[in-house]
Amino acid sequence: MKSAIQTNLERIQHEIGNCKLVVVSKYRTVEELQTVYDCGYKIFAENRVQALLERVNELPKDIQWHLIGHLQTNKVKFIVPFIQLIQSVDSLKLLEEIQKQAEKINRKISVLLQVYISADETKFGLSPQELDELIEYIKNQPMSNIEIRGLMGMATFTDDENQIKQEFQLLKQLFDKIKLKGIFSQFDTLSMGMSSDYKIAVHEGANLVRVGSAIFTNPE
Ligand SMILES: *Cc1c(COP(=O)(O)O)cnc(C)c1O
């Protein structure tokens with residue numbers, strides 16, 4: 001018999017089509033995550049560095065790990081050796097620390113810039129203006145151990161689908177604008193959408209969604 005997790009994954013995969021599914025593993029048991037892995041999904045994300053470091057040891061070695069939560073500069077060195085994508089870069093200071101630590105071990109680290117698009121009082125993410133300023137700055141100060149791959153954003157927690165849609169449209173516009181500038185050679189990732197709003201996000205142009213609870217809840 002199919003597990004609930006497998007049924008959910010098949011439904012979500014069908015709904016998102018070619019969009020990449022990143023499995024948000026926070027708060028889940030190793031058994032639940034192993035089930036996801038056994039269904040063929042190998043890109044997982046955590047929002048806290050400590051949890052991420054524990055998970056890496058508990059789960060199969062060929063999982064690609066993303067960080068999706070706020071990263072303090074003093075923790076960069078712990079994840080730089082293995083992280084596949086840091087989705088939550090929100091300051092120049094953090095970029096500089098990633099550059100420094102990556103250079104030490106001769107790795108190139110892929111990152112997304114996190115943009116603040118919601119009306120919620122979240123603490124992290126660049127405003128569209130700060131994003132502009134940061135990009136103008138790094139244009140002239142290339143960081144050779146960092147690959148800026150795209151943008152990440154979270155919409156407001158609301159039932160108002162129209163508002164969510166507008167926020168995702170804003171992020172897509174920012175993404176397209178930066179891509180057109182041609183500053184970054186592999187600017188190809190637009191990470192938006194989670195359990196409550198991934199369908200809207202995909203419709204608005206996301207090519208990576210970060211889904212947790214929708215994978216692990218029992219279908220009615
Ligand atoms: C927790 C989290 C998600 C996934 O949330 P769900 O509602 O469980 O799908 C996605 N993105 C970020 C940044 C998160 O912290």
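Small disclaimer: the values here were computed from a predicted structure and weren't measured. Atoms within a ligand are numbered from 1 in the order they appear, just like the ligands themselves.
- Checked for salt-bridge contact, E147 and K108 meet the test: a charged N lies under 4.0 Å from a carboxylate O.
- For the pair N47 and ligand 1, the shortest N or O to N or O distance does not fall below 3.5 Å.
- Heavy-atom proximity to S195, at under 4.0 Å, picks out these atoms of ligand 1: 6 (P), 7 (O), 8 (O), 9 (O).
- Residue contact check: K26 has heavy atoms under 4.0 Å from atoms 1 (C), 2 (C), 3 (C), 14 (C), 15 (O) of ligand 1.
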Salt bridge (charged side-chain N to carboxylate O under 4.0 Å, His left out) between E103 and K100, worked out: CA-CA 5 Å; E103 194 177 345; K100 184 176 142 196; over 6 Å; no
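- Here the protein heavy atom with the shortest distance to atom 5 (O) of ligand 1 is M194 CE, 3.5 Å.
- No hydrogens or angles considered: a donor-acceptor pair under 3.5 Å links the side chains of Y37 and D62.
- Counting heavy atoms under 4.0 Å from ligand 1, residue Q87 does not touch it at all.
- Using a 4.0 Å cut-off between heavy atoms, I68 contacts ligand 1 through both its backbone and its side chain.
- Between S196 and ligand 1, a contact under 3.5 Å exists for no N or O pair.
- In terms of N/O distances under 3.5 Å, ligand 1 is not approached by A214.
- In terms of modelled atom types and a separation under 3.5 Å, the side chain of R149 and the main chain of Q186 share a donor-acceptor contact.
- K179 places a side-chain N or O within 3.5 Å of a backbone atom of F187 that can act as its donor or acceptor partner.
- A salt bridge is absent between R48 and E54; no separation between the charged side-chain nitrogens and carboxylate oxygens falls under 4.0 Å.
- Of the protein's non-hydrogen atoms, the one nearest atom 11 (N) of ligand 1 is R210 NE, 2.8 Å.
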Q129/E133 under side chain to side chain donor-acceptor pair (under 3.5 Å): CA gap, chis, key distance, verdict: CA-CA 6 Å; Q129 192 189 333; E133 289 166 4; 2.9 Å; yes
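- Within ligand 1, counting atoms from 1 as listed, the ones closer than 4.0 Å to a heavy atom of V211 are 9 (O).
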Test log, rule side chain to side chain donor-acceptor pair (under 3.5 Å), inputs S88 and Q114: CA-CA 5 Å; S88 43; Q114 183 175 354; 4.8 Å; no
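- Near S213, meaning under 4.0 Å from any of its heavy atoms, are these atoms of ligand 1: 6 (P), 7 (O), 8 (O), 9 (O).
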